[in-house]
Amino acid sequence: MPAITLPDQSVRRFDGPVTGTALAAEIGPGLARAALAMKLDGKLVDLATPIEQDASVVFVTRRDPDALELIRHDAAHVLAEAVQELHPGTQVTIGPAIENGFYYDFARNEPFTLEDLAAIEAKMREIVGRGEKFEREVVDRDEAIRFFQAKGEKYKAQLIEDLPASETITLYRQGEWVDLCRGPHMRSTADVGQGFKLMKVAGAYWRGDHRNAMLSRIYGTAWRDQKELDSYLHMLEEAEKRDHRRIGKEMDLFHLQEEATGSVFWHPNGWKLYLAAEAYMRRRLDAAGYQEVRTPQLVDRSLWEKSGHWENYRDHMFIARVEDEDKHLALKPMSCPCHVLIFRQGIRSYRELPLRMAEFGSCHRYEPSGALHGIMRVRQFTQDDAHIFCTDEQIAPETARFVALLSSIYRDFGFDSFRVKFSDRPTPRAGNEEDWDRAEAALREACRLADIEYELNPGEGAFYGPKLEFVLRDAIGRDWQCGTLQVDYVLPERLGAEYVGEDGARHRPVMLHRAILGSFERFLGILIEQYAGRFPLWLAPVQVVVATIVSDADGYAERVADAFRATGLEVRLDLSNQKINAKVREHSLAHVPVLAVVGRKEADSGMVALRRLGGEAQELVPLDQAVARLAAEAVPPDLRKADPVPAAQA
RNA sequence: GCCGACGUAGCUCAGUGGUAGAGCAACUGAUUCGUAAUCAGUAGGUCCACAGUUCAAAUCUGUGCGUCGGCACCA
């Protein structure tokens, strides 16, 4: 006698078990048509599930956020059916819904190529058109294994074998096609609709392990309808326009070339941007009580052996040798061991702690070729690296201080939000279990104190300690770790860092490894995409272009440019013999933030016509005011006095 | 590193075995013009590299390098 509570708090009673389908029909034909699945006591299940006891039921329709996940998951099944129909002998493995879409991994000798997608997608549309009913079936475990093995589906059989014995094995049937699946699904393949598209093919290791076979993955995107699909595809196109590699070219910021794979050639414009960011960081670190140092590029192998890097990362280090000496020097992949060496010079007192040692450390790492990505993932990069030598008690307050600094800096760069991941002990790792317990507990406590919400990232810590990762997102939705904070008991131990405590005895400091931008290269890449090249004035490599309308204004234009330059602004003068339309277009495409146009009128009256990038308005301003205003605007955020120049006339 | 695609002028790209192309940019000349492309002309290429097939290779094959999309990796 189930009593079913609906979202409006009304209750319906039934004599016996009733399926969601029947319940929806009972409530009304509109709902019966719209319901795709239901939430039974909060759990998403098939509409065909019988409700046997008192429960609350919420129907999921196309409009609900949950619908997207159902559509995408079902689309993955449709993809698999289409592939097996077109390419018999292909084995299915797994195919989940993901952000914006779905994928399915197939095992076959010949991987799929882009050219296969059109036919597969057409077949998918056919299957959606067929409206095959999804039917759930609970099966015996051994029988299921035999069933899939008989079909030659070794991967599926393997998946079932690896499921815990307690797990109910369910199959989902759609027409002739069957898949092992936990569900839930919608009513039929028709519910997928036509708002999907196959996007790309890729290789992917079985179970994400590079020692396993490489499967052939097909990615698709799926939405509620064509309109949503179109707007997603449009968003992707827009995102592509802000790709840092493209804008890097357009703004002449940097280039990469074969002779120095994975290292950036910064051009004058890009280097201006870099230096602006570096100068800003140097001021912020200085104000936050860090001391800047500089340590060697080439360091003998023995130090890396002591630190444990040789053992863990030797394959990823650039090694240099010289003819006359039997030595292996490594280009430093990180600065921390060197910082410990500085710490160890002389005798340290507890009074010096926390000691915050910072370096814009130029590092080299031999990244796998497939990992390289524009300037975001390179083999030579500069970290805004620092190490805080402190006591156990100082871990939490130092973490809180760090997060406050990081948030403030991200905000100044225009990032209002970021995600935090907590990565705990990996395998293999250095150090003993007690230290790992201490380190993880300290970091958790620090997060609590600093009021940080994080997601757990199990087993992903550094080999010497747990870490927080601060993650920013690029234009096309890829996540990049930028900031980090790591608690380390291991390196101070290995490299023998110690200080004299209040008690006169020697103690081990803890080391907090921390970075905010992470690598300048990566951060600037993200920054370029964040602003789509339209930097705020303080970061823009070229801040003002003075452009003339007639050559009679050339002399005045030069005086205007000089006046801007005198305040430190980066100014270009465009006296070329082109129409003003062409000049506006050219400098707009180059993302110059301010265009100061001067013609006869301005020359006669001592004015400039200011035009902002992205706007169409022009503003006629007396030269001295324009200079004062832009100079004030170009002041980096950390140097800005509260409300420097009244914005009234701006 | 693995799977797939791609590599042609400074840039974006066309060119399926028979004399290497376009637009933009550059350069020269004309034009002095009021806020996203003025007109005309000129010049510009070891078609990523090496090897092979062929009478003939940008084009077909192999190897290498690089780039891109994923996977794996990311101290």
Side-chain angles (χ1 to χ4, degrees), chain A residues 103 105 110-116 199-219 243 245-246 249-250 252 255-262 304 307-317 332-337 363 365-374 376-377 381 383 385 426 429-430 460-465 467 469 476 478 480-481 484 486 488 490-491 513 518-519 522 547-554 577-589 595 597-602 609-611 613-618 620:
Chain A
Y103 68 78
D105 284 347
E110 285 291 300
F112 289 112
T113 72
L114 236 34
E115 280 139 41
D116 297 317
M199 302 296 283
K200 52 196 177 191
V201 293
Y205 296 108
W206 166 238
R207 299 199 148 162
D209 189 327
H210 69 278
R211 290 165 299 194
N212 290 342
M214 169 109 357
L215 306 173
S216 183
R217 175 175 294 181
I218 297 178
Y219 281 97
D243 187 304
R245 292 163 295 199
R246 180 188 178 124
K249 229 173 244 166
E250 287 169 1
D252 196 15
H255 86 273
L256 297 151
Q257 73 178 60
E258 219 173 311
E259 285 77 1
T261 307
W304 307 112
S307 70
H309 290 96
W310 192 266
E311 186 190 342
N312 284 286
Y313 291 105
R314 193 232 166 295
D315 290 347
H316 298 280
M317 288 162 71
K332 73 172 174 195
M334 54 184 342
S335 302
C336 32
C363 299
R365 296 180 184 173
Y366 181 72
E367 300 285 7
S369 57
L372 300 176
H373 178 92
M376 304 266 223
R377 188 84 186 268
F381 56 96
Q383 289 180 315
D385 195 15
R429 54 182 170 268
E460 297 294 324
F463 74 86
Y464 48 72
K467 64 179 178 184
E469 293 174 26
I476 53 175
R478 280 183 291 212
W480 296 93
Q481 180 201 314
T484 185
Q486 304 162 11
D488 182 5
V490 174
L491 260 192
H513 304 244
S519 113
R522 169 175 307 172
T548 51
I549 294 174
V550 290
S551 48
D552 287 351
D554 285 3
N577 180 11
Q578 286 183 99
K579 286 190 172 176
I580 192 62
N581 290 294
K583 294 188 187 185
V584 167
R585 180 179 154 82
E586 183 185 330
H587 303 300
S588 298
L589 288 176
L595 199 56
V597 177
V598 295
R600 209 167 268 126
K601 197 166 70 188
E602 288 76 11
L610 295 184
R611 182 193 167 107
L613 179 60
E616 284 174 16
Q618 310 137 41
L620 208 54

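The basis for the numbers below is simple: all heavy atoms, side chains too, and nothing from hydrogens, waters or symmetry mates. None of these values were measured; they are calculated from a predicted model. Numbered from 1 within each chain, the chains take letters A, B, ... in sequence-line order.
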Self-check item: Whole angstrom value for the distance that separates C1' of B:U32 from CG of A:Asn581
Solution: 14 Å
Exercise. Both distances under 3.5 Å, Watson-Crick or G-U wobble: report the partner of B:G21, or none.
Key: B:C13
Quiz item: Between B:A36, B:C73, B:U32, which one does the side chain of A:Ser551 approach most closely?
Solution: B:U32
Quiz item: Is A:Leu215 touching bases, backbone alone, or none of the nucleic acid, heavy atoms closer than 4.0 Å?
Solution: nothing
Quiz item: With a 4.0 Å cut-off on heavy atoms, is A:Gly308 in touch with a base, just the backbone sugar-phosphate, or nothing at all?
Solution: nothing
Quiz item: What is the nucleic acid contact for A:Ala462, judged by heavy atoms within less than 4.0 Å: base, sugar-phosphate only, or nothing?
Solution: sugar-phosphate
Practice problem: Identify which nucleotide among B:U38, B:G1, B:G4 has an atom closest to any side-chain atom of A:Pro368, counting heavy atoms from C-beta outward. | Solution: B:G1
Exercise. Tell me what A:Lys601 touches on the nucleic acid: a base, only sugar-phosphate, or nothing, going by heavy atoms under 4.0 Å.
Key: base
Practice problem: Check every strand shown and say whether A:His316 touches a base, only sugar-phosphate, or nothing at a heavy-atom separation below 4.0 Å. | Solution: base
Quiz item: Taking the same atom, C1', in B:C2 and in B:U16, what whole-Å distance lies between them?
Solution: 30 Å
Quiz item: If the P atom of B:A9 is compared with that of B:C47, how far apart are they to the nearest Å?
Solution: 10 Å
Quiz item: According to a strict under-4.0 Å criterion, is A:Tyr219 in side-chain N/O contact with OP1 or OP2 of B:C71?
Solution: yes
Quiz item: Which one is paired to B:G1, where only Watson-Crick or G-U wobble pairs with both distances under 3.5 angstrom count?
Solution: B:C71
Exercise. May I ask you to say what A:Thr261 touches in the nucleic acid, namely base, sugar-phosphate or nothing, with a heavy-atom cut-off under 4.0 Å?
Key: sugar-phosphate
Practice problem: Check whether any side-chain N or O of A:Arg478 sits under 4.0 Å from OP1 or OP2 of B:G69, and answer yes or no. | Solution: yes
Practice problem: Select base, sugar-phosphate, or nothing to describe what A:Lys467 touches, counting heavy atoms under 4.0 Å on all strands. | Solution: sugar-phosphate
Exercise. Report the base-pairing partner of B:A51 (Watson-Crick or G-U wobble, both distances below 3.5 angstrom), or none.
Key: B:U61
Practice problem: Would you please confirm or rule out a distance under 4.0 Å between OP1 or OP2 of B:C68 and any side-chain N or O of A:Arg245? | Solution: yes
Self-check item: Residue A:Met334, side-chain atoms from C-beta onward, closest of B:A75, B:A36, B:C3
Solution: B:A75
Practice problem: Write down the atom of A:His373, the atom of A:Arg478, and the distance for their closest heavy-atom approach. | Solution: CE1-NH2, 3.1 Å
Self-check item: Nucleotide paired to B:G29 in any strand shown, Watson-Crick or G-U, under 3.5 Å
Solution: B:C39
Self-check item: Shortest side-chain distance from A:His210, nucleotide among B:A72, B:A37, B:A75
Solution: B:A72
Exercise. Quick one: label A:Tyr103 by what it contacts on the DNA or RNA (base, sugar-phosphate, nothing), any heavy atom closer than 4.0 Å.
Key: nothing
Exercise. Count the heavy atoms of every other residue, nucleotide or ligand shown that sit under 6.0 Å from CD of A:Gln257, and state whether that count exceeds 12.
Key: yes
Quiz prompt | C1' gap between B:C60 and B:U54, integer Å | solution = 9 Å
Quiz item: CE of A:Met199 versus P of B:A5: gap in Å, rounded?
Solution: 18 Å
Quiz item: Looking at B:U35, B:C74, B:C33, which one has an atom nearest to any side-chain atom of A:Arg522?
Solution: B:C74
Quiz prompt | Of A:Val550 and A:Gln618, the one whose closest RNA chain B nucleotide lies more 5' | solution = A:Val550
Quiz item: Considering all heavy atoms of both residues, which atom of A:Met214 and which atom of A:Ala204 are nearest to each other, and what is their separation?
Solution: SD-N, 3.5 Å
Self-check item: A:Arg246 CZ - B:U67 C1' separation (whole Å)
Solution: 16 Å
Self-check item: Rounded distance in Å between the C1' positions of B:A37 and B:C24
Solution: 10 Å
Quiz item: Salt bridge between A:Asp243 and A:Arg245, side-chain N to carboxylate O under 4.0 Å?
Solution: yes
Quiz item: Do A:Tyr366 side-chain and B:G1 base share a donor-acceptor contact under 3.5 Å?
Solution: no
Self-check item: C1'-based separation of B:G45 from B:A58 [nearest Å]
Solution: 11 Å
Quiz item: How would you label the contact of A:Pro333 with the nucleic acid (heavy atoms, under 4.0 Å): base, sugar-phosphate, or nothing?
Solution: base
Quiz item: Taking the side chain from A:Arg365 and the backbone from A:His316, do they hold a donor-acceptor pair closer than 3.5 Å?
Solution: no
Quiz item: Over how many whole Å does the gap from A:Met214 atom CE to B:G4 atom P extend?
Solution: 9 Å
Quiz item: With sugar-phosphate meaning primed atoms plus P, OP1 and OP2, does A:Ala609 contact a base, only sugar-phosphate, or nothing at under 4.0 Å between heavy atoms?
Solution: base
Self-check item: Closest-nucleotide ordering on RNA chain B, the 5'-leading residue of A:Arg217 and A:Asp552
Solution: A:Asp552
Self-check item: Candidates B:G70, B:A75, B:U35 - which lies nearest the side chain of A:Gln481
Solution: B:A75
Self-check item: A:Arg611, nearest nucleotide to its side chain (from B:U35, B:C2, B:G66)
Solution: B:U35
Quiz item: With a 4.0 Å cut-off on heavy atoms, is A:Thr113 in touch with a base, just the backbone sugar-phosphate, or nothing at all?
Solution: sugar-phosphate
Practice problem: Nearest whole angstrom, please: distance from the C1' of B:C73 to the CZ of A:Arg314. | Solution: 17 Å
Practice problem: Mark yes or no for a side-chain to base donor-acceptor pair under 3.5 Å between A:Arg377 and B:C74, with no hydrogen or angle criteria applied. | Solution: yes
Quiz item: If you look at every strand shown and take non-hydrogen atoms under 4.0 Å, does A:Gln486 touch a base, only sugar-phosphate, or nothing?
Solution: sugar-phosphate
Exercise. Kindly say whether A:Gly599 contributes a backbone atom to a donor-acceptor pair with the side chain of A:Glu602 at under 3.5 angstrom?
Key: yes
Quiz prompt | Same-atom distance (P) from B:A49 to B:A20, integer angstrom | solution = 16 Å
Exercise. Looking only at side-chain atoms of A:Glu367, point me to the closest of B:C2, B:C73, B:A36.
Key: B:C73
Quiz item: Between A:Thr548 and A:Asp554, is there a donor-acceptor pair closer than 3.5 Å when you use the side chain of the first and the backbone of the second?
Solution: no
Quiz item: Less than 3.5 Å between a donor and an acceptor, one on the side chain of A:Glu602 and one on the base of B:G34, is that the case here?
Solution: yes
Practice problem: Scan A:Leu114 against the nucleic acid and name what it touches under 4.0 Å (heavy atoms): base, sugar-phosphate only, or nothing. | Solution: nothing
Self-check item: C1' spacing across the pair B:U59 / B:C48, given as an integer number of angstrom
Solution: 15 Å
Quiz item: Could you state the interatomic distance from OH (A:Tyr103) to NZ (A:Lys200), rounded to the nearest 0.5 Å?
Solution: 12.5 Å
Self-check item: Any-strand Watson-Crick or G-U partner of B:G66, both distances under 3.5 Å
Solution: B:C6
Practice problem: Hey, can you tell me if A:His513 and A:Tyr464 have their rings parallel, tilted or perpendicular (30° and 60° cut-offs)? | Solution: parallel
Quiz item: For A:Lys249 and B:U12, is the shortest distance between a side-chain N/O and OP1 or OP2 below 4.0 Å?
Solution: yes
Self-check item: Length of the CG-P vector between A:Asp385 and B:C74, whole Å
Solution: 18 Å
Self-check item: Whole-Å gap separating P (B:A36) and CD1 (A:Ile580)
Solution: 9 Å
Self-check item: Atom C1', compared across B:A14 and B:U28: separation rounded to whole Å
Solution: 28 Å
Quiz item: With sugar-phosphate meaning primed atoms plus P, OP1 and OP2, does A:Lys200 contact a base, only sugar-phosphate, or nothing at under 4.0 Å between heavy atoms?
Solution: sugar-phosphate
Quiz item: Can you tell me how far P of B:C73 sits from CE of A:Met317, to the nearest Å?
Solution: 21 Å
Self-check item: Gap between atom CG of A:Leu114 and atom CE of A:Met199 - 0.5 Å precision
Solution: 10.5 Å
